[in-house]
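To start, the structure under review is shown below, and the notes come after it.
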Amino acid sequence: VVSWTSLMAGYTKYGLGHEALSLFDQMQLLSVAPSTVTFVCTLKACGNTRATKKGQEIHDEIEKRGFVDLDVVGNALVDMYASCGLLVEAEEVFDKLPAKDMISWTALIAGYAKHGHSEEALSCFEQMKSEGVIPDVVSWSALIAGYAMHNCGEEALICLEEVKQAGVSPDAVTYASSLKACGGVRAIEKGQEIHAEIAQKGLLERDFVVGNALIDMYATCGLLFEAQDVFGKLLVRDAVSWTSLIAGYTKHGCAEEALNCFGKMQMEGFSPDVVTFICSLKACGIMGAIEKGQELHEAIIRNGLLEKDVLIGNALLDMYIDCGLLAKAHEVFDKLPVQDAVSWTALIAGYAKYGCSEEALGCFERMQLIGISPDAFSWNALVAGYARQGESENVFHAFDRMRGEGMDPS
RNA sequence: CCAAUGGAUGGUGCAUAC
């Protein structure tokens with residue numbers, strides 16, 4: 001049991017939740033009896049991969065064996081439900097906990113925060129304090145991360161001040177989230193202030209995350225020189241560091257420099273991941289760099305990345321559309337493993353952009369035939385195409401249809 | 001005696017004609 005569980009713990013730690021879960025299944029098949037530690041690891045893996053069904057099964061199993069009353073198991077349950085966004089269930093388990101410690105509270109706060117319920121997260125936080133549980137740096141960071149993630153940068157930064165006033169010392173994670181908040185609201189000065197603090201504490205030398213968050217903050221704010229400077233001084237870099245730079249250059253009109261970085265990172269021995277490809281494809285699209293784009297396309301196929309992530313297929317599609325190669329785009333579309341509303345809308349918008357409103361409408365009808373309902377973006381793409389062509393009757397007709405489906409054209 | 005529970009950094013679609 002211990003060997004199995006240790007292996008699972010390792011997988012979970014490095015984000016290989018699916019592998020951990022399949023280990024659990026193998027254990028069951030071989031009738032190895034899971035321990036409470038095994039269950040805790042499995043719950044963690046369920047939370048990471050949002051495997052809600054599996055999580056509920058494990059919960060039942062745990063109830064049956066009477067393991068629920070253990071603090072660690074109860075907290076892991078709260079965390080699993082909270083991570084999966086099943087906050088009602090998380091609350092239920094939480095309420096039944098024999099002892100609610102800081103970890104139980106923080107798991108719940110983090111669940112609310114992560115899923116965009118900042119107010120509930122905050123009221124949880126207050127309640128925790130009023131029950132005499134003192135929040136530590138992790139509880140604070142959960143709050144800040146929630147704000148930062150959902151574009152409430154102001155609140156996040158206010159929170160950062162409160163952390164310090166409470167006499168808690170922010171750590172790498174707290175700073176990373178705060179920097180994300182700075183990027184979101186373009187709080188450049190605050191970002192620089194945090195930069196100085198981080199440097200003073202020597203946090204930049206220790207791990208990727210803070211350095212990467214700094215690069216991202218500067219890049220998002222359009223301070224590419226500073227981003228490059230931080231990048232150059234980092235002692236440890238990874239693919240994320242490179243991708244943050246690439247994304248920054250792309251976003252701020254330096255697509256060529258972005259593609260340079262893409263080349264350089266590989267020369268220095270870093271493999272681009274899915275996100276790197278997505279950002280670089282965007283740069284190709286902006287530049288109309290067809291050959292480079294095709295090169296990336298081939299590399300993506302070679303590495304089997306199309307199957308790994310839906311987003312990369314849509315990014316490829318966009319790249320070809322931006323390069324004006326609609327036929328090629330359609331070909332890519334046909335081969336996508338998953339065609340979601342975004343893929344269809346990209347195609348519709350592409351046709352609309354180049355004045356092919358017939359084809360755009362064709363796509364629009366076909367997506368509905370296969371059971372994908374157009375969202376506001378899809379409608380907008382269609383209508384924009386008509387508008388571009390001066391087909392005002394079709395525009396009004398589309399408005400009527402939208403109203404018929406309960407959507408408001410305004 | 002060994003494994004286990006809370007927070008964190010990068011990425012996709014539309015933009016309204018005369």
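Protein chains get the first letters and strands the later ones, always in sequence-line order, with residue 1 at the start of each. Computed from a prediction, not measured in an experiment: that's the story for all the values here.
- The listed nucleotides are B/rA3, B/rU12, B/rA8; the one nearest the side chain of A/Lys114 is B/rA8.
- Atom CG of A/Leu245 and atom C1' of B/rG11 are 15 Å apart (whole Å).
- Ring geometry for A/Phe94 versus A/Trp105: interplanar angle over 60°, hence perpendicular rather than tilted (30 to 60°).
- Heavy atoms from other residues, nucleotides or ligands lying under 6.0 Å from CD of A/Gln26 number more than 12.
- The residue A/Met102 sits close to a base: some heavy atom pair falls under 4.0 Å.
- A/Ser244 comes within 4.0 angstrom of sugar-phosphate atoms only, judged by non-hydrogen atoms across all strands, and of no base.
- Each of B/rU12, B/rC2, B/rG10 was ranked by its minimum atom distance to the side chain of A/Val2; first place goes to B/rC2.
- Candidate nucleotides B/rG7, B/rU9, B/rG13 were compared by shortest atom distance to the side chain of A/Val138, and B/rG7 ranks first.
- Residue A/Leu317 contributes atom CG, which lies 10 Å from atom C1' of B/rU12 at whole-angstrom precision.
- Between A/His297 atom NE2 and B/rU12 atom P there is a gap of 19 Å when expressed in whole angstrom units.
- Taking only side-chain atoms of A/Val240, from C-beta outward, the nucleotide of B/rG11, B/rG10, B/rA8 with the closest atom is B/rG10.
- With B/rG11, B/rG10, B/rU5 as the choices, the nucleotide that has an atom nearest any side-chain atom of A/Val72 turns out to be B/rU5.
- For A/Lys353, no side-chain nitrogen or oxygen approaches OP1 or OP2 of B/rG13 to under 4.0 Å.
- Using a 4.0 Å heavy-atom cutoff across all strands shown, A/Val274 reaches at least one base atom of the nucleic acid.
- For A/Phe277 and B/rG11, the CZ to C1' distance is 13 Å, given to the nearest whole Å.
- Minimum heavy-atom separation, A/Cys182 to A/Ile194: SG-CD1, 3.8 Å.
- Taking the side chain as every heavy atom from C-beta outward, A/Gln228 and A/Tyr249 approach each other to under 4.5 Å.
- Interface remark: the A/Thr345 side chain does form a donor-acceptor pair with the B/rG13 base, using a distance-only criterion of under 3.5 Å.
- The side chain of A/Asn212 lies closest to B/rU9 when the candidates are B/rA8, B/rA3, B/rU9.
- We find that CZ of A/Phe39 is positioned 18 Å from P of B/rA4, with the value rounded to whole Å.
- Atom pair A/Leu203:CG and B/rG7:P shows a separation of 20 Å (rounding to whole Å applied).
- Closest to the side chain of A/Leu311, out of B/rA4, B/rA8, B/rU12, is B/rU12.
- Among the protein residues, A/Thr36 comes within range of no part of the nucleic acid, since none of its heavy atoms lies under 4.0 Å from any strand.
- Atom pair A/Leu143:CG and B/rA8:C1' shows a separation of 14 Å (rounding to whole Å applied).
- Contact between the side-chain N/O atoms of A/Lys282 and the OP1/OP2 oxygens of B/rG13 is found at a separation under 4.0 Å.
- Here B/rG7 presents its C1' atom at 10 Å from CD1 of A/Ile109, a figure rounded to the nearest Å.
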* Would A/Val310 and A/Asp340 count as a side chain to side chain contact (heavy atoms under 4.5 Å, CB included) if you check the C-alpha gap in whole Å, the side-chain angles of each, and the deciding distance to 0.1 Å? -> CA-CA 8 Å; A/Val310 203; A/Asp340 63 4; 3.9 Å; yes

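- Nucleic acid contact for A/Thr276: base, since at least one base atom lies under 4.0 Å from a heavy atom of the residue.
- At most 12 non-hydrogen atoms from other residues, nucleotides or ligands lie less than 6.0 angstrom from NZ of A/Lys233.
- Counting non-hydrogen atoms under 4.0 angstrom, A/Asp101 reaches nothing in the nucleic acid.
- With B/rG7, B/rU9, B/rG11 as the choices, the nucleotide that has an atom nearest any side-chain atom of A/Lys251 turns out to be B/rG11.
- Side-chain proximity of A/Ala9 to B/rA4, B/rG13, B/rU16: nearest is B/rA4.
- In this structure the side chain of A/Ile278 never reaches within 4.5 angstrom of the side chain of A/Thr243, judged on heavy atoms.
- Side chains of A/Ser22 and A/Asp25: no donor on one and acceptor on the other come within 3.5 Å.
- Put simply, the side chain of A/Asp318 does not reach to within 4.5 Å of the side chain of A/Lys282, judged on heavy atoms.
- The side chain of A/Ala349 approaches B/rG13 more closely than any other nucleotide in the set B/rA3, B/rG13, B/rU9.
- Only A/Asp171, A/Val173, A/Thr174, listed by number, bring a heavy atom of residues 165-174 of chain A to less than 4.0 angstrom from any atom of RNA chain B.
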